[in-house]
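Sequence lines set the chain letters: A, B, ... in the order given, protein chains first and strands last, and positions in each chain run from 1. Computed over heavy atoms, backbone and side chain alike; hydrogens, waters and symmetry mates excluded.
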Amino acid sequence: MASNMEDEEESSNGEPPRKKLRLTKEQSRLLEESFRQNHTLNPKQKESLAMQLKLRPRQVEVWFQNRRARSKLKQTEMECEYLKRWFGSLTEQNRRLQREVEELRAIKVGPPTVISPHSCEPLPASTLSMCPRCERVTSTADKPPSAAATLSAKVPPTQSRQPSAAC
DNA sequence: ATTAATGGATAACTTACGTCA
DNA sequence: ATTGACGTAAGTTATCCATTA
């Protein structure tokens with residue numbers, strides 16, 4: 001360590017070396033107690049607290065400044081932890097929902113042949129094409145509600161299961 | 001057991017900005 | 001509208017002390 005080499009002397013720039021005060025237990029206790037009551041001090045409170053603690057008012061002032069800063073830092077750290085946990089739970093929820101979507105998509109695609117909504121005849125899947133707008137292969141409006149229907153109920157009306165003009 | 005290096009806590013300082021008379 | 005005094009927040013520096021290799 002490079003400290004204490006010029007105790008009681010002046011450093012090269014003519015300034016006396018900065019000395020750090022160590023507060024006693026009792027001083028800390030009183031300051032903390034006072035901080036609990038009020039996070040800021042008016043000049044009168046500062047003066048009387050300084051007298052009580054046998055410190056300079058400036059030292060009391062600095063202590064309160066630093067104490068407010070520590071308090072805020074702690075609060076910020078706690079909020080950060082909370083947000084991290086929240087993010088984690090949202091990520092997990094998102095994973096579950098993605099899995100569910102995959103399962104529902106698998107059910108919806110079903111077997112390789114489908115029934116034509118027009119002729120009620122089975123059609124080979126290879127003759128069908130995907131509508132780029134609604135991403136549906138064919139109309140299933142005449143089928144009973146399924147899990148897939150439940151999902152699509154959440155889709156905006158323009159993407160309803162009724163065949164659009166483009167389909 | 002001793003010692004130098006290191007990191008955390010915090011007192012003290014500096015700067016920028018807002019408020020008010 | 002301008003100005004100077006004052007208080008505070010934010011950022012930085014310096015010091016002390018405990019831990020560790």
Side-chain angles (χ1 to χ4, degrees), chain A residues 1-109 130-137 140 145-162 164-167:
Chain A
M1 262 209 218
S3 64
N4 287 353
M5 56 187 190
E6 46 218 354
D7 267 356
E8 310 296 324
E9 278 174 35
E10 296 203 342
S11 53
S12 51
N13 59 8
E15 302 281 316
R18 204 199 267 187
K19 203 67 183 162
K20 182 168 176 158
L21 163 79
R22 299 301 294 186
L23 296 170
T24 66
K25 284 241 166 63
E26 181 58 14
Q27 282 172 324
S28 295
R29 193 192 62 76
L30 245 165
L31 284 164
E32 284 292 346
E33 191 181 313
S34 170
F35 185 78
R36 267 203 304 281
Q37 288 164 11
N38 235 328
H39 285 205
T40 55
L41 293 174
N42 62 38
K44 241 192 167 79
Q45 290 172 316
K46 192 202 300 179
E47 193 70 42
S48 97
L49 191 56
M51 207 126 83
Q52 209 177 338
L53 293 165
K54 295 185 168 62
L55 294 172
R56 279 173 279 127
R58 171 67 182 154
Q59 289 174 305
V60 173
E61 182 180 307
V62 166
W63 187 90
F64 268 75
Q65 280 169 6
N66 288 318
R67 186 64 181 77
R68 281 193 295 270
R70 286 197 293 273
S71 187
K72 184 170 186 180
L73 177 65
K74 200 171 175 180
Q75 178 73 25
T76 304
E77 282 171 352
M78 283 167 66
E79 281 170 15
C80 183
E81 278 308 305
Y82 171 77
L83 289 172
K84 269 193 214 160
R85 284 199 298 275
W86 191 23
F87 174 76
S89 81
L90 285 176
T91 303
E92 179 52 34
Q93 189 181 359
N94 190 36
R95 251 200 297 276
R96 281 202 307 272
L97 289 169
Q98 295 277 14
R99 268 204 301 276
E100 200 178 324
V101 165
E102 290 305 317
E103 286 167 18
L104 292 171
R105 284 222 167 98
I107 291 167
K108 192 178 73 178
V109 168
M130 177 76 81
C131 168
R133 178 136 168 265
C134 62
E135 292 186 13
R136 285 194 164 74
V137 172
T140 54
S146 63
T150 312
L151 179 67
S152 68
K154 292 170 187 164
V155 171
T158 53
Q159 293 184 7
S160 77
R161 313 198 70 192
Q162 296 298 331
S164 66
C167 299

Exercise for the section: Scan Arg58(A) against the nucleic acid and name what it touches under 4.0 Å (heavy atoms): base, sugar-phosphate only, or nothing. Expected result: base

Exercise for the section: Classify the nucleic acid contact of Gln59(A) as base, sugar-phosphate or nothing, counting any heavy atom under 4.0 Å across all strands shown. Expected result: sugar-phosphate

Check the distance between [N]'s [atom2] and [X]'s [atom1] and give it to me in whole angstrom.
X	N	atom1	atom2	answer
Arg68(A)	dA11(B)	CZ	P	14 Å
Leu31(A)	dT10(B)	CG	P	13 Å
Asn38(A)	dG7(C)	CG	P	15 Å
Leu41(A)	dC6(C)	CG	C1'	15 Å
Gln65(A)	dC13(B)	CD	P	11 Å
Leu73(A)	dG11(C)	CG	P	11 Å
Leu23(A)	dA9(B)	CG	P	16 Å
Gln45(A)	dG7(C)	CD	P	13 Å

Exercise for the section: Rounded to the nearest 0.5 Å, what's the gap from CD on Glu33(A) to CG on Leu30(A)? Could you check? Expected result: 6.0 Å

Practice task
Mark yes or no for whether Thr91(A), through its side chain, and Phe87(A), through its backbone, hold a donor-acceptor pair below 3.5 Å.
Solution key: yes

Decide, yes or no, whether a salt bridge links [X] with [Y] under the criterion of side-chain N to carboxylate O below 4.0 Å.
X	Y	value
Glu32(A)	Arg29(A)	no
Arg95(A)	Glu92(A)	yes
Glu77(A)	Lys74(A)	no

Exercise for the section: Verify the contact: side-chain N or O of Lys19(A) to OP1 or OP2 of dC16(C), cut-off strictly under 4.0 Å; return yes or no. Expected result: yes

Exercise for the section: Ignoring backbone atoms, test whether Arg70(A) places a side-chain nitrogen or oxygen under 4.0 Å from the OP1 or OP2 oxygen of dA11(B). Expected result: yes

Practice task
Taking only the side-chain heavy atoms of Pro43(A) (C-beta and beyond), determine which of dG7(C), dC13(B), dA11(B) contains the nearest atom.
Solution key: dG7(C)

Completion exercise
The nucleotide from dT8(C), dT15(C), dA12(B) with an atom nearest the side chain of Lys20(A) is dT15(C)

Handout entry: Donor + acceptor pair across side chains of Glu102(A), Gln98(A) (<3.5 Å)
Key = no

Handout entry: Axial bend angle, the helix from dT3(B)-dA21(C) to dA21(B)-dT3(C): five-pair end segments, nearest 10°
Key = 10°

Fill in the blank from the handout: Walking DNA chain C from its 5' end, the first of Phe64(A) and Leu21(A) to be reached, judged by nearest nucleotide, is Phe64(A)

Problem - Upstream residue (5' side of DNA chain C) when Asn66(A) and Glu61(A) are each assigned their closest nucleotide - result: Glu61(A)

Exercise for the section: For atom CZ of Arg70(A), decide whether the heavy atoms of other residues, nucleotides or ligands shown that lie under 6.0 angstrom number more than 12. Expected result: yes

